[in-house]
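Step one of this worksheet: look at the structure below.
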Amino acid sequence: MDKNNSRELIQRINSKDFREFFKNNIAATLNKFEFMRQLILSIAYSLFIISLSIKYLSYTGILENTLKLNAIFALLFLLAFIPFCYNERYKSIAKNIFLKKMLNFIGDFSAQNKTRQSSSKDEFNETGLFKYYRNIDCNTLISGRFGDKKFEVQDVSLSNHRLFANEFGLVVEFFLNKSVNSHILITQDAAISNKKLKDLKPINLEDNPKLNNIFHIFSDNSDRVKEFVTDDVVDKLIKLHIKTNKQVSFVFKNKKMYLFIDDYNPFDMPFFKSINNVKDYQDMLSDFVEILSVSDVIEEVESVCAR
C-alpha cells in the first residue's frame, strides 16, 4: 500500500463510512458492554461509599464503634475491590470482540488476544529493539498483509521476573523478499545495553543532523548504513516519534524490518471511561494505519538489497 493509499484509508476511517460501519456492526454489542461496565463500577463505588460512611459515622460517634461495626466496614471495603478484579478480563473480552470487527474495516487481518510467551522472544532479543529480557509475553497478535507486504504486530510485555512487567510496547515486523545482509539498529538510546549485540558498532552520519539530534545508529556493516537509512526512513521515524510521543526503535536484520514503540498500546480498551465513543476507535485505527505505513519504505529497501 503506497503513501497515497495510506492517506486515503485514514480519510475513510475518519469519514461517514466508518461511522456507518460502527453503527451497523459494533454499536449494539458496545452498548451491552457499556451497561456491564457501568453496573460493575456502580457496585464498586456504592460499596466504597457505604463502607466509608459507616467508618465516618462510627468516628463521629453517631454509631457506636464496636468490633462488629468495624468488621462490617472491613468486609464492605474489601468487597468494593472485587468488581475491579474484572478490569483485565473485561478489557480482554472487549478487545477480542471489537478489535477483530474494526480491523475488518481496513483489511483482511487476523487478531488473537491471548497472553502467551512470544514465539519470537529470542529473535526480538537479538534485534536490539530493547534491552535483553528473559520474558517477552505477547498480549495481542495481529497479522495480515498491508499492501503487498506481510506483517505481524505484537503488543508485548517485557520482564525479567514473572511477578511484574518492566516494560511494554508495540513490536511491528515486516517480512522482506530479500535479506539485507546487515544488522542496522536505529534507536533513541545512546548506548546498547543488550548483551547479545556485541558486534554492533556506533555509526555517525555527519551529513544528517536531523537524524543525529534524535536517534543513534549501530551496525555491523557501516558501508550499508547510508543505503538503508534514507531520508524517507528518517522522516517516517521522526513522524512516529512525534505522533506517539514515545521512544521509537527501528531495525533491519536478515529478511525483516522491525519497529518498536516503547510504552505504547493503541489497542487498550478503557475500563474507567465510556467505551462507545466512535472517535476513540477512529483514532485507534488511524494510529494503526500510520504505524503500518512504515511499509512505504520497503520497496526502497528491497531495491538496495538487490544490488
Side-chain angles (χ1 to χ4, degrees), residues 1-15 17-18 21-22 95 98-113 118 120 123-124 127 129-130 138-156 168-178 180 186 228-253 255-269 280-303:
M1 185 169 288
D2 60 31
K3 296 177 183 178
N4 290 329
N5 286 338
S6 297
R7 284 196 290 267
E8 289 171 6
L9 185 53
I10 291 175
Q11 289 174 355
R12 184 167 171 251
I13 290 168
N14 291 307
S15 73
D17 286 350
F18 181 77
F21 173 84
F22 185 87
K95 187 192 297 182
F98 306 136
L99 190 55
K100 288 180 179 179
K101 288 186 176 182
M102 286 188 296
L103 288 174
N104 287 335
F105 184 80
I106 60 174
D108 184 16
F109 304 148
S110 68
Q112 302 174 38
N113 182 45
S118 173
S120 305
E123 179 184 327
F124 288 165
T127 60
L129 289 167
F130 34 73
C138 173
N139 304 311
T140 306
L141 172 64
I142 299 171
S143 58
R145 302 188 76 87
F146 193 72
D148 62 347
K149 292 302 173 188
K150 181 183 174 184
F151 75 88
E152 285 188 354
V153 176
Q154 294 189 37
D155 154 27
V156 296
F168 71 92
L170 202 70
V171 177
V172 185
E173 301 171 76
F174 287 100
F175 296 78
L176 308 177
N177 294 323
K178 299 179 182 295
V180 300
I186 308 170
F228 285 105
V229 187
T230 63
D231 288 341
D232 284 344
V233 171
V234 174
D235 288 343
K236 185 67 68 175
L237 290 178
I238 291 176
K239 285 178 182 177
L240 276 177
H241 167 61
I242 294 172
K243 182 174 182 59
T244 62
N245 195 28
K246 303 293 183 181
Q247 284 203 357
V248 175
S249 300
F250 198 63
V251 168
F252 300 102
K253 192 173 188 289
K255 294 183 72 172
K256 287 185 181 181
M257 287 193 330
Y258 303 84
L259 172 70
F260 177 65
I261 307 178
D262 184 42
D263 191 26
Y264 182 73
N265 179 7
F267 312 121
D268 194 27
M269 306 297 292
D280 290 339
Y281 297 96
Q282 288 176 312
D283 291 343
M284 181 190 294
L285 282 184
S286 296
D287 289 349
F288 186 57
V289 172
E290 286 279 9
I291 291 167
L292 292 185
S293 69
V294 169
S295 64
D296 295 342
V297 304
I298 288 182
E299 186 175 340
E300 186 176 352
V301 168
E302 291 188 327
S303 67

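Along the sequence shown, residues are numbered consecutively beginning with 1. These numbers come from a predicted model, not from an experiment.
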Atom pair [atom1] ([X]) and [atom2] ([Y]), whose distance is rounded to the nearest 0.5 Å:
X: Asp296; Y: Phe146; atom1: CG; atom2: CZ; value: 7.5 Å
X: Gln11; Y: Ser286; atom1: CD; atom2: OG; value: 10.5 Å
X: Gln282; Y: Ile10; atom1: CD; atom2: CD1; value: 12.0 Å
X: Leu9; Y: Asn14; atom1: CG; atom2: CG; value: 10.0 Å
X: Leu170; Y: Ile261; atom1: CG; atom2: CD1; value: 5.5 Å
X: Ile106; Y: Leu285; atom1: CD1; atom2: CG; value: 5.0 Å

Would Val248 and Ile186 count as a side chain to side chain contact (heavy atoms under 4.5 Å, CB included) if you check the C-alpha gap in whole Å, the side-chain angles of each, and the deciding distance to 0.1 Å? CA-CA 8 Å; Val248 175; Ile186 308 170; over 6 Å; no
Under the ring-ring contact (aromatic ring centres under 6.0 Å, His included) test, which residues partner [X], sequence neighbours left out?
X: Phe109; answer: Phe151
X: Phe252; answer: Phe228, Phe250
X: Phe22; answer: Tyr281
X: Phe168; answer: none

Just to verify, which of Lys150, Glu123, Met257 counts as forming a side-chain contact (heavy atoms from CB on, under 4.5 Å) with Glu173? Glu123
Contact summary for Val156 and Asn139, nearest pair of heavy atoms: C-ND2, 3.9 Å
Within 45 degrees of the ring normal and closer than 6.0 Å to the centroid, is that where the cationic atom of Arg12 sits relative to Phe21? no
Kindly state whether the ring of Phe267 and the ring of Phe288 have centres lying under 6.0 angstrom apart. yes
Using the test side chain to side chain contact (heavy atoms under 4.5 Å, CB included), find all partners of Ile242 that sit at least two apart in sequence or belong to another chain. Ile238
Between Glu152 (side chain only) and Ser143 (backbone N and O only), is there a donor and an acceptor less than 3.5 Å apart? no
If only atom types and distance count, is the side chain of Ser293 paired as donor or acceptor with the main-chain N or O of Glu290 below 3.5 Å? yes
Contacts of Lys246 meeting salt bridge (Lys or Arg N to Asp or Glu O under 4.0 Å) (sequence neighbours excluded), chain-then-number -> Asp263
Take atom CG in Asp231; do more than 12 heavy atoms of anything else shown fall under 6.0 Å from it? no
